[in-house]
Visitor: 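What follows is a structure written as structure tokens; I'll ask about it next.
These numbers come from the heavy atoms of this one structure, side chains and all, not from hydrogens, waters or symmetry mates. Sequence lines set the chain letters: A, B, ... in the order given, protein chains first and strands last, and positions in each chain run from 1.
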Number of protein chains: 2
Amino acid sequence: MKALSKSKAATIYEVAKHAGVSIATVSRALRDSDLVTEATRARVRAAVEALNYTPNQSGRALAEGRHAANGIVFPDLTGPYYAEVVLGYEEIAAELGRSVLILTTHGRRDAEAAVHDLAGRVDGLAVMGNTVGDDTVRAIAATGVPLVLLARPPVDGIDTIRTRNERTAAELAEHLVAHGHRRFVFAGDPQAAPDMAGRYAGLVKVLRAHGLPRPDLRPCAYDVEAGERVGAQLMADPPDAVVCANDEVALGVHIAAEAAGRSVPHDLAVTGWDDVLAARFAGLTTVTQPMRELGATAARWLDERIGERSTGPDRANPRRRVLPTRLVTRRSCGSHPVETPDPLGGTA
Amino acid sequence: MKALSKSKAATIYEVAKHAGVSIATVSRALRDSDLVTEATRARVRAAVEALNYTPNQSGRALAEGRHAANGIVFPDLTGPYYAEVVLGYEEIAAELGRSVLILTTHGRRDAEAAVHDLAGRVDGLAVMGNTVGDDTVRAIAATGVPLVLLARPPVDGIDTIRTRNERTAAELAEHLVAHGHRRFVFAGDPQAAPDMAGRYAGLVKVLRAHGLPRPDLRPCAYDVEAGERVGAQLMADPPDAVVCANDEVALGVHIAAEAAGRSVPHDLAVTGWDDVLAARFAGLTTVTQPMRELGATAARWLDERIGERSTGPDRANPRRRVLPTRLVTRRSCGSHPVETPDPLGGTA
DNA sequence: TTCGACTTTGAAAGCGCTTTCATCGCCGCC
DNA sequence: GGCGGCGATGAAAGCGCTTTCAAAGTCGAA
């Protein structure tokens, strides 16, 4: 019960010696093989206890030819969006006996190398959005590591899960037009992420269908501060509606508008995307996405692909899935609400 | 450039054969050792490219005797709190050349075993709050894996980083008392987490100092729904102030109060903890914590401990740090504000 | 009592990599 | 022209574990 001084972790050899058996027996006893006597198993367990043994998982991974770990790559954890995806992913991966390695590419220049390195540590990898280029994705897929792309356009024969952007954006746009809005601004960068491109496209399509002018495009980062800056610029000559790439931007625009003495939705409508908690309190019209499910589905698909790898057919027919999203109308989208009895709840 | 059909990842042996060198040379070429000719290196690189080689990190870890990975254990990613901590941790770990393995103990019964397993995959481990018992913490520390505890009372000689709870809670309580509040409720469970215990203790101390009755203790979970339930119960006979364990609970109470026709802060004050984005929009008085820094500091300390392990002295003198927190007063704490020119910003 | 069939255990190979140590050329120098 | 020295490379050991294969016990039946 001491061993504290040793500072070097015990190995299976020491456990074997302590228990008076071979390392093979120790391994079997710990793996719940029924090839060992109860008595032997007890002795081994006692030795494990005494030496405070923790199996080295690298050794195990090497011997088994698998890592028992999955990776996930995303731009950043900021905001609840990615956090929820990761959580759903981890939950299912853990159920399936896999650890989860995370990697954010946020402010890195060596992102591609880091992802490659990660690929060498895992049995399967989920990649979110525009974190790395298609070339890297293809190269990793070619090494045989199962991959699933999240919120990103499909690449070759690789499994992909997305959320519905264009159609729900169109629905949102129709709603705004029905409110009487005519001059639109889109705050966000369609080039920055595929999701954003879809949202922009949905908006553009509807405006065109109604013979309205194209939205004024204001590329910006995806945080409150960026929204505030865009909002402040707009306040000189406010449009009818500002469709924002996500809730953070929308909340920033909201703040800027009020700071400039404009009222939302009286003077202008503002909408977001993601339905963060704050959206509820700001009365922000937005869109909910099943983020947890996005992560969970990725983990399940990967597990299946990893299972397939040894047997059966390989990446013949890639899986594709688009998860539904849902418009949540609150008061920020227009001054004459047709809905929303509960100002905090939003419509179902 | 194909190898797609193989489905089996290339090893260093195949690269060596392809390049016409030994595996030692391949290893050296890839590790940027200056022991190889530029010409050789180029040949190796070409072979790596051609075979789409990704080094197996388990093999490397085993050979090097290190994992080049850190772990972090936390209850759940829900809410921005843990996400931010993880992000700060990952950022620094990545800078230091370490991957990050996450593990949530949320709804698990085998949490202790999972943490043990994780300990066998990493060079260092951060453990948040009440995720696992002290025994497990001690057992892992005894194996020689450097550990750092976050938001948790110190255990033996193990490094610990916390945020200031009791003192800032006292400050908050003083503020509320100054507002004239007398009957307090604490919504949250001091038994559930050490942080919560500290917040409760700070409140109790101040009330006693003022000769006021002890707060009415309402244990609850830490999400909006739990807050709503507690809030609904309280509305029959509203107290002067509801001090909540975190912002989510506070926002729930807020919702329940308004649903019951009570106004915050006119009829009762509500305060939270964490300063989530929504707190700004709900005008919630709360406390900010340097969560990112919490994670970042943990990653740095671990790196140092890992470095020490080979040389120098071991866990003789454990490190301890308490990160400062800061009261953010907004309108929810009292109806006659002494501060806060900007209703959305809060005071510095 | 003896033999075969199980059951339990041990010896050893091998997973993919790093690294020490030895070897092999090659250069410059005496 | 021979030799020491050095730079580049290869052979092989070993990291901690799992697993195959063989050996050693154990038991029941003949």
Visitor: Look at the side chain of A24(A) and decide which nucleotide, out of dA8(D), dA11(C), dC17(C), has an atom nearest to it.
Guide: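 For A24(A), the side-chain atoms sit closest to dA11(C).
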Visitor: Take the protein atom CG of L35(A) and the nucleotide atom P of dA24(D), then report the distance between them rounded to whole Å.
Guide: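 After rounding, the reported distance stands at 19 Å.
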Visitor: Check whether any side-chain N or O of S58(A) sits under 4.0 Å from OP1 or OP2 of dC17(D), and answer yes or no.
Guide: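 So the side chain of S58(A) is outside the cut-off, no N or O lying under 4.0 Å from OP1 or OP2 of dC17(D).
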Visitor: Could you check G20(B) against E64(B) and say which one's nearest nucleotide on DNA chain D is further toward the 5' end?
Guide: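 Its nucleotide being nearer the 5' end, the pick is G20(B).
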Visitor: Side chain of P55(B), heavy atoms from C-beta onward: which of dC17(C), dT9(C), dC17(D) has the nearest atom to it?
Guide: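 Out of dC17(C), dT9(C), dC17(D), the nucleotide with an atom closest to P55(B)'s side chain is dC17(C).
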Visitor: Check the surroundings of atom NE2 in H106(A): do more than 12 heavy atoms from other residues, nucleotides or ligands lie under 6.0 Å from it?
Guide: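 Open.
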Visitor: Rounded to whole Å, how long is the line connecting atom CG of N56(A) with atom P of dC17(C)?
Guide: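 Those two atoms, CG and P, are 16 Å apart.
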Visitor: Starting at CZ of R66(B) and ending at C1' of dG16(D), how long is that distance when rounded to a whole Å?
Guide: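 After rounding, the gap between these two atoms is 17 Å.
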Visitor: Closer to the 5' end of DNA chain D via nearest nucleotide, is it L62(B) or T25(B)?
Guide: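 Counting from the 5' end, the first nearest nucleotide belongs to T25(B).
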Visitor: Under 4.0 Å between a Lys/Arg side-chain N and an Asp/Glu carboxylate O for R138(B) and D135(B)?
Guide: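 Salt bridge flag = yes for D135(B) with R138(B).
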Visitor: Answer yes or no: is there a donor N or O on one side and an acceptor on the other, between the side chain of D123(A) and the main chain of H67(A), under 3.5 Å?
Guide: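 Judged by distance alone, yes, a pair lies under 3.5 Å.
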Visitor: Any side-chain N or O of R60(A) less than 4.0 Å from the OP1 or OP2 oxygen of dT18(D)?
Guide: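 Yes, because at least one side-chain N or O of R60(A) sits under 4.0 Å from OP1 or OP2 of dT18(D).
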Visitor: Just how far, in rounded Å, is P of dC15(C) from OH of Y13(B)?
Guide: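 Spelled out: OH on Y13(B) to P on dC15(C) is 8 Å.
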Visitor: Reckon S27(B) has a side-chain N or O less than 4.0 Å from the OP1 or OP2 of dT19(C)?
Guide: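 Checking dT19(C) against S27(B), no side-chain N or O comes under 4.0 Å of OP1 or OP2.
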Visitor: Which nucleotide, dC15(D), dG10(D), dC17(D), lies nearest any side-chain atom of A63(B)?
Guide: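 When the side chain of A63(B) is considered, dC15(D) is the closest of dC15(D), dG10(D), dC17(D).
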Visitor: Under 4.0 Å between a side-chain nitrogen and a carboxylate oxygen: does that hold for E90(A) and R108(B)?
Guide: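 A salt bridge links E90(A) with R108(B).
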Visitor: Mind calculating the distance between NE2 (H67(B)) and P (dC17(C)) to the nearest angstrom?
Guide: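 It is 17 Å, rounded to the nearest whole Å.
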Visitor: Under 4.0 Å between a side-chain nitrogen and a carboxylate oxygen: does that hold for R305(B) and E308(B)?
Guide: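 Yes, R305(B) and E308(B) are salt-bridged.
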Visitor: Using a cut-off of less than 4.0 Å, is there contact between a side-chain N or O of R31(A) and OP1 or OP2 of dT18(D)?
Guide: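 Looking at the OP1 and OP2 atoms of dT18(D), one of them is under 4.0 Å from a side-chain N or O of R31(A).
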Visitor: Under 4.0 Å from OP1 or OP2 of dC17(C): is there any side-chain N or O of Y53(B) that close?
Guide: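 So the side-chain polar atoms of Y53(B) do come within 4.0 Å of the phosphate oxygens OP1 or OP2 of dC17(C), strictly under.
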Visitor: Hey, is the side chain of T11(B) poking within less than 4.0 Å of OP1 or OP2 on dC15(C), counting only N and O atoms?
Guide: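 For dC15(C), neither OP1 nor OP2 has a side-chain N or O of T11(B) closer than 4.0 Å.
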Visitor: Atom CG of L30(A) and atom C1' of dT19(D): how far apart are they, to the nearest Å?
Guide: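 Rounded to whole Å, this separation is 15 Å.
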Visitor: I need the CD1-C1' distance between I12(B) and dG14(C), as an integer number of Å.
Guide: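 The distance from CD1 of I12(B) to C1' of dG14(C) comes to 16 Å, rounded to the nearest Å.
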Visitor: Can you tell me the distance, in whole Å, between the CD1 atom of I23(B) and the P atom of dC15(D)?
Guide: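 Distance check: I23(B) CD1 to dC15(D) P gives 16 Å.
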